[in-house]
Each structure stands twice: as C-alpha cells, then as structure tokens.
Amino acid sequence: MDFKDLIRTRRSMRKFTDEKVTEPEVKALLRAALMSPSSKSIRNWNFVVVDDKETIKQLAHCKKMGAEFLEGVPLAIVVTANPTENDVWIEDASIASLMIQLQAEELGLGSCWAQIRNRAAEDGTPANTIVHNILGLPDSLEVLSIIGVGHKAAERKPMEDDKLLWNQVHYNKFGNTK
Ligand SMILES: Cc1cc2nc3c(=O)[nH]c(=O)nc-3n(C[C@H](O)[C@H](O)[C@H](O)COP(=O)(O)O)c2cc1C
C-alpha cells in the first residue's frame, strides 16, 4: 500500500477477530515505534506489549469510558515516557503511538488509540495510576496511550478527500486560503 492510500484507509478500529497478532507483526510494530523521531533524539519512551487476555481486560477498565474496546484486542501496546527527562514527552510518545498505528495499517491490521494521560476512572483515580498498578510500571514513567491492535472485524470507510478541512489551511498569512 502506498502512503497516500495508507493514510486514507487508516481509521480507528474498535472491533477485532480472535486471530492473534504474530510475533513478526509485533516486532514490526515495535520497530516502527522505536524508529519514531524524538526531540533531541532522547528516545526515552518505554513500550509495554500486552497479549495476556486477563491483563488486557483490566486495562480496558482503567478509565470511565473510551477504553472498553480494548477488551476485544489480542494485543495492546502501552506507550509511556519519562517526563522528568523530556519536556516534550507528550509529543514524542504521541508520534510513537501514531507510528504504531500506521505500521499496523500497512500490515493490514486495525488499531485504535486509548487516551490515558489526563483521563480517570469513575471514582476519580487517574488512569495513569491504574495502568501503573496493573503493569508494575516505575514511578518515573507516565502513560500516554494504549494502542489496541488486531485483525479488523468491521468495515470502516476510508477518509474522504471532500471532507478534509482545507479552510483551516492558510498561506503566508492567516486567512489566506486557496
Ligand atoms: C489523542 C487521541 C486520543 C484518542 N483517544 C481515544 C480513546 O480514548 N478511545 C477511543 O475509542 N478512541 C480514541 N481516539 C481515536 C479517535 O476517536 C479517532 O481517531 C477520531 O474519532 C477520528 O477517527 P479515525 O481515527 O477513524 O479517523 C483517540 C485519538 C487520538 C488522536
């Protein structure tokens, strides 16, 4: 798939078959994450690969809503970074998250981002704390996202060119559109 098609067909997938993601596919996803550009090339992300069903189930309940889809994923990649070493850890971890999603699409897999940073469970406990407890993460790390990956079990229409917000693009001065 060329890049133009890849970015068109990548849509968030929240329904998955039971088929496992193979070891070479997992490796390719992590390779993409580890190739992400990062500020000053600090590369201080850590990725936790979760394929244990019970652990994934627990992760799916780490926040009030929006992570339920994880219950059905065969693979979850938890994206973390160290904020004390990196003032732009959010940007770096976001780029790595997207790299995983783009690589998943290229492999014919579906994916979806579950936001963890700034999210909380029903009782107000930060989702970050809950994920720390589930995975035994060190205090130095913050969790940005969990990327659920698997074989698609639903149709999603590709992005349509005529729905793009070209009016939000400006040339030379704000307000100059083409
Ligand atoms: C920063 C960010 C946070 C997101 N958080 C969630 C989330 O917690 N749960 C979820 O189901 N989707 C989440 N998404 C997916 C978006 O809802 C989705 O990308 C958006 O609706 C556009 O749809 P598309 O990805 O199919 O093009 C998130 C996406 C981004 C970029």
Side-chain angles (χ1 to χ4, degrees), residues 1-17 21 29 32-33 36-39 45-50 53 55-81 83 86-135 137 141-169:
M1 204 189 308
D2 73 18
F3 190 72
K4 256 166 90 181
D5 288 333
L6 187 130
I7 56 174
R8 219 165 64 83
T9 55
R10 185 226 49 85
R11 302 301 310 279
S12 293
M13 180 53 54
R14 299 180 181 87
K15 287 197 184 339
F16 301 90
T17 70
V21 179
L29 295 170
S36 301
S38 92
S39 173
W45 356 254
N46 274 263
F47 305 97
V48 183
V49 181
V50 185
K53 274 226 163 296
T55 310
I56 289 177
K57 213 173 189 175
Q58 291 174 25
L59 291 174
H61 298 286
C62 71
K63 64 172 183 167
K64 216 172 341 197
M65 56 182 188
E68 310 85 352
F69 74 88
L70 288 172
E71 282 231 35
V73 303
L75 179 78
I77 301 180
V78 181
V79 181
T80 77
N86 183 359
D87 61 340
V88 291
W89 74 275
I90 297 169
E91 289 83 344
D92 283 1
S94 296
I95 291 167
S97 300
L98 184 62
M99 289 285 273
I100 294 168
Q101 291 202 271
L102 293 177
Q103 179 60 79
E105 188 62 38
E106 201 257 343
L107 292 167
L109 300 168
S111 74
C112 189
W113 179 314
Q115 179 69 19
I116 302 303
R117 191 184 71 85
N118 276 353
R119 296 291 179 266
E122 200 78 61
D123 67 0
T125 310
N128 176 57
T129 305
I130 297 173
V131 175
H132 267 74
N133 291 338
I134 296 170
L135 302 176
L137 295 174
L141 297 180
E142 286 281 323
V143 183
L144 178 93
S145 69
I146 302 177
I147 308 299
V149 182
H151 290 265
K152 300 175 188 180
E155 284 277 329
R156 290 287 326 259
K157 284 209 172 79
M159 203 81 82
E160 288 170 45
D161 264 292
D162 60 5
K163 298 247 166 71
L164 300 183
L165 303 176
W166 287 106
N167 60 316
Q168 290 174 206
V169 179

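In listed order, ligands and their atoms are each counted from 1.
A distance-only check finds no donor-acceptor pair linking the side chain of N46 to the backbone of T80 [under 3.5 Å]. Looking only at distances, a side-chain donor or acceptor of K63 sits under 3.5 Å from a matching main-chain atom of Q115. Panel note: side chain H132, backbone L141; a donor-acceptor pair is recorded below 3.5 Å. At distances below 3.5 Å, not a single donor-acceptor pair connects side-chain atoms of E68 with backbone N or O atoms of L70. Between the side chain of T125 and the backbone N or O of A121, no donor-acceptor pair lies under 3.5 Å.
The nearest heavy-atom contact from the protein to atom 13 (C) of ligand 1 is W113 O, 2.9 Å. With respect to atom 18 (C) of ligand 1, the closest heavy atom belonging to the protein is S12 OG, 3.4 Å. What sits closest to atom 16 (C) of ligand 1 on the protein, heavy atoms only, is R14 NH2, 3.9 Å.
The nearest protein heavy atom to atom 20 (C) of ligand 1 is not closer than 4.0 Å.
At a heavy-atom distance under 4.0 Å, no atom of S94 approaches ligand 1.
When all heavy atoms of R14 and R156 are compared, the closest pair comes out as NH1-NH1, 4.3 Å.
Proximity to C112 (heavy-atom distance under 4.0 Å) selects the following atoms of ligand 1: 10 (C), 11 (O), 12 (N). Those atoms of ligand 1 with a heavy atom of A114 less than 4.0 angstrom away are 7 (C), 8 (O). Residue contact check: R156 has heavy atoms under 4.0 Å from atoms 26 (O) of ligand 1. Those atoms of ligand 1 with a heavy atom of K63 less than 4.0 angstrom away are 7 (C), 8 (O). Remark: ligand 1 atoms within the under-4.0 Å shell around heavy atoms of G66 are 7 (C), 8 (O), 9 (N), 10 (C), 11 (O).
No option in I56, V48, V78, V50 other than V78 meets the side-chain contact (heavy atoms from CB on, under 4.5 Å) test with I146.
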